[in-house]
Amino acid sequence: MRYVTKGIYFIFPVIWFVMMPLIIVFTGVVILLILITIAKINAFISFTLVCIYVGVMMGLPIETIVEAIKKGMGDTLGLLVLILGFGSMLGKLVADSGAAQKITQTLIATFGLKKIHWALMLTGFIVGIPMFYSVGFVILVPIVFTVAASTGLPLIFVGLPMLASLSVTHGYLPPHPAPTAIAGMFGASMGKTIFYGFLVAIPAIIIAGPVLSPRFKKIKATPLKEFTGQNILDEKELPSTLISIITALMPVILIGFSGLFTKVINEDTIFYPFIKGIGDPVIAMLLSVLFAIYTLGIRRGKRMKVVMDGMVQAISSIAMILLILAGAGGLKEVLVASGISDYLGRLLSQSGMSPLILAWLIAAVIRVSVGSATVAGMTAAGIVLPLASNPGVSPELMVLAIGSGSLMLSHVNDGGFWMFKEYFNISVKETFFTWTVMETTISIVGILVILLLNNFI
């Protein structure tokens, strides 16, 4: 008995040491939720406090913690300030001019009121293929708000299918950064990855979108007024359907045009740098805003000062959103700097699971711990890379399994969680019940379809 007792005393500290990083991450998330929901402390301040807590508990010097916070916030805002800034301007123009109202009327006339959420799901999928999630979000959200306001349908019911489409394309399909990079690492066929990705994406979007969203009809979302286009205009005041659609989707058109023509023209031609440049999301958004200023503003008789005043209102409305997203980026970087993603990967890779399930699980655990789908996907890919060369393992399905896992259980350390919460103006609890459930559904349905496909490939 004495030896058993000694064994327990020996084993317990070992288990505690091994599990310590998980405990620190878990308690950090709990503290963040308490600060925001119970103490009612501003989310940006709460994120900063939790960043310091996690860093100190993981043994990082204060200087390293501060540098990680600065890097995480800088990396996050570097792109998002431009994307969300230009996106909010474009959204404001689309809403105020009546273009969103016109697009809404067209969607309802084409699909009918009962199937409007299916129409938005399809729109999100088409827009999401060539476009970063955050870009697609800020372009389409004003349309979603206007659809909900003009039809009286619950906002979550209307919007969730579109967001499910954007999320799936971001996680599963090239040319998005993580799937493209992972496919290159694994030597996967890009064509097969896209084809299999479509087969996985379609059921995941349908179940997480139109099938799931009616369950959330009772949740009352009150969107930002700046993007609802709340003033219903007379038909004669509305821009044409063609101008409305072209202007709203101009970023998609520019990025798609660039992607297509850079593949068919020679890199040595004088036009190549220009065509490639307009495909950059930032340049595409800037050009789209300038185009919208003319088509939905100046061309319709509005004075430049009035148009610019609207831009100021649009930017001021997203200031706190940017700070909250920066806070999430800071926490992500502290977790990465502390080595938590590498630790979790090594811990899980020692099991004897199926390579597909293992790839999904590693990506999922890192996603839950770190928050970033891209970081989770790239880290998991590095860990399971040797498994992709095993006989009988499809590298294309491995790419999709990692992409599926990287979308699992989005919560408070994910910028997308806060973007959804702040734009739709719902509580943290309601965000868990809607956004987190949607992302988890996408991930679980994805891996199930991938395992099914594995039997036929």
Side-chain angles (χ1 to χ4, degrees), residues 20-85 132-134 137-138 170 177-178 318-344 365-379 406-423 428 431-432 435-436 439:
M20 180 59 78
L22 291 177
I23 295 170
I24 292 170
V25 171
F26 177 76
T27 55
V29 171
V30 171
I31 291 170
L32 182 63
L33 290 173
I34 291 173
L35 291 174
I36 295 171
T37 60
I38 298 177
K40 305 297 183 183
I41 296 176
N42 176 271
F44 178 65
I45 297 174
S46 299
F47 265 117
T48 306
L49 292 172
V50 171
C51 286
I52 296 171
Y53 163 79
V54 171
V56 169
M57 293 300 292
M58 289 295 293
L60 297 178
I62 291 295
E63 295 82 2
T64 304
I65 296 170
V66 173
E67 287 302 315
I69 294 173
K70 287 160 59 177
K71 182 180 185 304
M73 290 185 176
D75 290 349
T76 300
L77 290 182
L79 177 64
L80 283 181
V81 164
L82 293 164
I83 294 300
L84 290 184
F132 290 126
Y133 176 85
S134 55
F137 185 100
V138 296
H170 173 73
I318 65 166
M320 185 51 64
I321 295 176
L322 287 171
L323 284 177
I324 291 171
L325 292 175
L331 179 57
K332 180 266 296 181
E333 193 61 34
V334 169
L335 291 168
V336 171
S338 69
I340 185 66
S341 59
D342 293 335
Y343 158 81
L344 293 171
V365 173
I366 296 173
R367 154 72 158 184
V368 172
S369 302
V370 177
S372 168
T374 302
V375 170
M378 296 302 294
T379 305
S406 73
L407 299 176
M408 183 68 174
L409 202 65
S410 167
H411 61 99
V412 294
N413 60 359
D414 176 24
F417 178 95
W418 294 100
M419 187 182 293
F420 176 80
K421 178 197 174 300
E422 294 299 320
Y423 266 85
V428 171
T431 309
F432 272 112
W435 169 265
T436 302
E439 289 282 89

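Residue numbers count from 1 along this sequence. This is a predicted model, so every value here is computed, not measured.
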* Please test Phe44 against Met73 for side chain to side chain contact (heavy atoms under 4.5 Å, CB included), starting from the C-alpha separation and ending with a verdict. => CA-CA 11 Å; Phe44 178 65; Met73 290 185 176; 3.6 Å; yes
* Rounded distance (nearest 0.5 Å) linking atom CG of Leu35 with atom CD1 of Ile41 -> 4.5 Å
* **Close side-chain approach of Ile62 to Val56, heavy-atom, < 4.5 Å** => yes
* Thr64: side-chain hydrogen bond (donor to acceptor under 3.5 Å, both in side chains) partners, not counting sequence neighbours -> none
* Does some side-chain heavy atom of Ser338 sit less than 4.5 Å from a side-chain heavy atom of Met57? -> no
* Please examine the side chains of Val428 and Lys421, heavy atoms only from C-beta on, and report whether any two atoms are closer than 4.5 Å. => yes
* Under a 4.5 Å cut-off applied to non-hydrogen side-chain atoms, are Tyr53 and Thr48 in contact? -> no
* To do: Kindly give the heavy-atom pair with the smallest separation between Leu407 and Ala373, and that separation in Å.
  => CD2-CB, 4.4 Å
* **Under 3.5 Å donor-acceptor, His411 side chain and Thr436 backbone** => no
* **Heavy-atom donor-acceptor pair, Trp418 side chain to Val412 backbone, under 3.5 Å** => yes
* Asked: Any side-chain heavy-atom pair from Met58 and Val334 closer than 4.5 angstrom?
  -> no
* Using side-chain hydrogen bond (donor to acceptor under 3.5 Å, both in side chains) as the criterion, list what pairs up with Glu333, not counting sequence neighbours. => none
* If you round to the nearest 0.5 Å, how far is CG of Leu409 from CZ of Arg367? -> 8.5 Å
* Is there a side-chain contact between Glu439 and Phe420, using heavy atoms and a 4.5 Å cut-off? -> no
* Hey, what do you get for OG1 (Thr431) to CG (Asp414), rounding to the nearest 0.5 Å? -> 11.5 Å
* Cys51 and Ile69: which non-hydrogen atoms are nearest, and at how many Å? -> CB-CD1, 3.6 Å
* **Which atom of Ala68 lies closest to which atom of Ala337, heavy atoms considered** => CB-CB, 4.2 Å
